[in-house]
S.K.: 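Sharing a structure, written as structure tokens. Questions coming.
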Amino acid sequence: MAAQRVDFRQIVALASDAILILDGRGTILYANAAATALFGDPRAGLIGQDFGFVATPDEPIEIQIKHAGGQLVSADLRSVDMEMDGRTVTVAFLRDVTERKQAEAQMRLYAAAVDNTSEGIMVTDTTPAIIAVNAALSQITGYTADELLGRNPSLLQSGYHDPVFFRAMWRQLLDQDHWRGEIWNRAKDGEIAPQWVNINAVRSETGRVTHYVGVFSDISDIKRSEAQIERLAHRDPLTDLPNRLLFRTRLEQTLRRAKAGRTQVGLLLADLDAFRHVNDSLGHGVGDLVLCEVAARLTALVRPDETVARLSGDEFAVLIESDTGIETRASLMAERIIDALARPLALAGQQLFISASIGIATYPNDGDDVARLMQNCDAALYQARESGGNGYRHYARALSDYARERVMLISDLHRALDDDELVLHYQPQIDMRQGRLIGLEALVRWQHPQRGLLGPNRFIRIAEETGLILPLGEWVLRTACVQALAWQAEGLPFGRIAVNVSGAEIRRRNPVETVSALLEETGLPADRLELEVTETVVMDLREEAPAVLAGLKRLGLALAMDDFGTGYSSLAYLKGLPFDTLKIDMSFISGLPDDTASAAIVDAIAALASRLGFKVLAEGVETEAQRRFLLGVGCDLAQGYLFGRPAPAEEITALLERFAEAPQPSDDAPRP
């Protein structure tokens with residue numbers, strides 16, 4: 001069979017590269033189909049045109065061609081001279097490399113981004129051996145790129161994590177192609193530091209894993225700040241004693257141990273008698289010195305495995321254990337406390353004499369859980385105070401004056417809801433930097449027919465324990481919304497109305513449905529309402545809180561975490577909750593600016609809140625010095641007696657009218 005004749009013209013015409021034949025002057029004599037596509041001109045339009053580029057046979061060059069559509073096309077140009085029909089012509093070969101050039105430019109951009117990011121990046125093969133790192137990873141680990149390339153990432157292991165941790169990490173990485181979490185790695189200088197690591201598998205077009213890419217973020221500063229706040233949240237900043245939260249935790253542990261080992265537990269609550277007179281007459285500075293001295297004297301009385309705590313302003317707690325005779329040991333401890341406090345204190349250039357009322361409750365006689373034991377001990381403390389102070393009382397099962405009064409208050413509170421005895425007072429919330437009102441917090445009061453105006457501390461706890469908090473809370477929310485709507489109709493600038501939500505309301509009903517229904521009923525726009533939830537409630541409802549808060553947020557209202565700093569909240573958990581504002585508890589504000597511990601807490605909270613995107617509002621601001629300190633650490637929002645006491649709606653209306661008449665500061669107004 002004869003071989004077929006090769007038609008080179010047909011081969012040239014079908015070639016994927018653009019081919020031009022040029023005469024000695026560079027005029028185009030021939031163009032194949034690929035050339036017409038490259039230039040965007042028909043073949044007839046190319047023939048006879050000046051090519052415009054000098055094609056040399058030595059080596060390929062890169063040129064840019066203007067396509068007929070206007071865009072520039074990058075091409076590699078190669079050429080060869082040859083004889084055709086008795087004359088020398090140049091055959092030019094052009095290959096479109098536009099996509100390649102764009103990809104190279106994009107890769108250079110990616111490389112620049114990787115080299116300049118603050119997060120460390122590591123690429124490994126499947127061995128795994130490190131095949132690429134960026135400058136940030138070298139800075140984080142202290143190793144140069146040359147020291148890392150070719151090494152196993154285990155070079156960075158600190159020994160902090162056990163093999164089970166890494167097996168679980170690799171299992172997830174192999175099963176799901178990604179893993180993220182916190183790892184403590186060891187740098188070249190031996191320092192162990194926490195890093196947030198995100199590892200992803202890279203697969204080829206065939207689906208085979210070819211590489212792993214890890215992104216490392218140094219979280220040392222965040223961990224240090226979080227540890228500082230969490231410690232301060234567990235310790236009283238003035239005395240460094242355990243605070244209420246830590247004390248409750250230790251009491252729970254002690255009761256659990258007692259139940260398992262059949263030991264006995266004694267709880268003593270000590271309240272300093274007439275302590276407010278020290279603050280009023282000698283100032284809070286002297287009062288703080290007294291509290292520190294009391295803390296030192298109480299600590300000296302207990303064994304190392306027992307606990308002394310400061311629960312609130314001048315209330316201390318002592319937790320003791322005994323195999324037998326806990327009632328006797330608790331009495332002896334109370335007498336030792338009274339004797340220790342009887343010694344005069346030499347402060348402020350004079351001798352001060354203090355005393356304490358002490359309540360005692362014991363396990364198992366007076367309660368078998370934290371709540372009951374604390375409640376009964378508080379009842380005994382009430383009896384000790386009512387007896388004139390400077391003494392102690394054991395909890396009595398018989399109905400005490402305290403218990404009788406509590407029963408009467410429960411009955412009266414039922415009537416108060418029916419007889420419209422509850423009233424709302426409102427306290428202004430201020431933007432201190434701009435000098436404008438941003439909101440009003442609604443605070444419930446009870447106008448008792450015989451006892452007069454009662455603050456919430458007299459009846460809210462009872463309402464929560466009896467379930468009356470549900471109708472009471474609904475009344476507060478409805479009344480506040482109606483009042484806010486009235487102010488809005490009058491054109492008065494009240495900002496937002498803030499309403500507290502208790503843990504019982506969240507536990508015992510669906511708050512999202514309740515709030516949604518009340519907003520629809522009253523007609524108040526959701527963006528004019530803010531709900532405040534205490535940090536303790538959020539942590540007590542750790543599992544339910546995210547869903548509940550997210551549901552409330554979807555209604556369009558604002559959320560504030562109240563009493564921030566008094567509970568125990570992980571920042572990693574907190575940053576996932578949809579809060580707009582953190583309200584720093586007034587216990588941290590009262591000592592500002594002289595109390596260095598409180599100052600450190602407030603400064604840290606303000607800084608971290610800013611980084612996490614929260615606004616910060618300080619409660620209980622009473623002095624100009626406190627205001628200036630707060631502004632200095634970036635806390636612009638506040639409420640307290642310096643700006644206005646809680647007042648009835650009619651007084652607040654007059655205040656709002658004055659705000660409405662006064663010229664409003666602009667965003668570029670001078671700062672105070």
Side-chain angles (χ1 to χ4, degrees), residues 1-117 121 123 125 131-135 177 200-213:
M1 182 176 181
Q4 293 183 348
R5 182 177 180 180
V6 177
D7 189 342
F8 288 101
R9 290 185 179 181
Q10 188 177 15
I11 293 174
V12 169
L14 296 175
S16 59
D17 285 348
I19 299 177
L20 302 174
I21 298 178
L22 315 173
D23 65 13
R25 294 186 299 273
T27 302
I28 300 175
L29 303 176
Y30 171 82
N32 69 349
T36 64
L38 182 66
F39 285 86
D41 288 329
R43 186 173 307 174
L46 290 176
I47 303 300
Q49 296 294 321
D50 181 22
F51 179 49
F53 298 96
V54 178
T56 62
D58 300 326
E59 58 183 13
I61 62 173
E62 183 182 311
I63 63 172
Q64 284 196 318
I65 300 167
K66 189 169 184 180
H67 190 272
Q71 68 269 32
L72 290 177
V73 177
S74 297
D76 281 346
L77 169 63
R78 295 176 294 108
S79 65
V80 60
D81 292 338
M82 60 185 302
E83 294 290 329
M84 187 178 74
D85 298 331
R87 59 176 175 169
T88 301
V89 296
T90 299
V91 180
F93 301 88
L94 297 100
R95 174 166 296 176
D96 188 347
V97 294
T98 303
E99 290 186 2
R100 190 194 76 195
K101 298 297 292 183
Q102 290 174 343
E104 290 174 352
Q106 192 170 34
M107 287 302 296
R108 286 194 296 272
L109 183 62
Y110 289 159
V114 168
D115 285 340
N116 288 282
T117 183
I121 297 177
V123 182
D125 59 20
I131 62 173
V133 297
N134 69 344
D177 280 359
N200 286 279
V202 179
R203 291 186 178 272
S204 66
E205 294 180 354
T206 62
R208 184 174 62 86
V209 174
T210 59
H211 299 86
Y212 294 102
V213 178

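Keep in mind that this is a model prediction, so the values were computed, not measured.
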S.K.: Which residues pass the side chain to side chain contact (heavy atoms under 4.5 Å, CB included) test with Ala201, not counting sequence neighbours?
M.R.: Asp177, Val209, Tyr212
S.K.: Just how far is it from atom CG of Leu77 to atom CD1 of Ile61, taken to the nearest 0.5 Å?
M.R.: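 If we round to the nearest 0.5 Å, Leu77:CG and Ile61:CD1 are 4.5 Å apart.
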S.K.: Does a side-chain heavy-atom distance below 4.5 Å link Glu83 with Thr88?
M.R.: yes
S.K.: How long is the gap from CG on Asp41 to NE2 on His67, to the nearest 0.5 Å?
M.R.: 8.0 Å
S.K.: Could you work out, with side chain to side chain contact (heavy atoms under 4.5 Å, CB included) as the rule, every residue matching Val202, not counting sequence neighbours?
M.R.: Thr210, His211, Val213
S.K.: Is a donor on one side and an acceptor on the other found under 3.5 Å between the side chain of Thr36 and the backbone of Pro42?
M.R.: no
S.K.: Is it the case that the side chains of Thr27 and Gln49 hold a donor-acceptor pair, with the cut-off being a distance below 3.5 Å and no angle test?
M.R.: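 Absent: no donor and acceptor within the cut-off.
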S.K.: So among Asp76, Ile65, Ile19, which one has a side chain to side chain contact (heavy atoms under 4.5 Å, CB included) with Leu94?
M.R.: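 One option only clears the test, and that one is Ile65.
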S.K.: Please list all pairs meeting salt bridge (Lys or Arg N to Asp or Glu O under 4.0 Å) that have one or both residues in residues 15-24, counting only residues at least two apart or in different chains.
M.R.: Asp17-Arg95, Asp23-Arg25
S.K.: Residues two or more places apart in sequence or in another chain: which of them pass side chain to side chain donor-acceptor pair (under 3.5 Å) with Glu62?
M.R.: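 With neighbours one apart ignored, the set is Lys101.
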S.K.: Considering all heavy atoms of both residues, which atom of Ser16 and which atom of Ala34 are nearest to each other, and what is their separation?
M.R.: O-CB, 3.5 Å
S.K.: Go through the structure and list residues passing side chain to side chain contact (heavy atoms under 4.5 Å, CB included) with Ile47, not counting sequence neighbours.
M.R.: Ile28, Arg43
S.K.: Kindly compute the distance separating CG (Asn134) from OG1 (Thr117), expressed to the nearest 0.5 Å.
M.R.: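 Asn134 CG to Thr117 OG1: 7.0 Å, rounded to 0.5 Å.
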S.K.: Please name all residues satisfying side chain to side chain donor-acceptor pair (under 3.5 Å) with Lys66, sequence neighbours left out, ordered by chain then number.
M.R.: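 Expected list: none.
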S.K.: To the nearest 0.5 angstrom, please state how far the CG atom of Leu20 sits from the CG atom of Leu29.
M.R.: 10.0 Å
S.K.: Quick check for you: to the nearest 0.5 Å, what is the distance between Thr98 atom OG1 and Leu38 atom CG?
M.R.: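 Thr98 OG1 to Leu38 CG: 7.5 Å, rounded to 0.5 Å.
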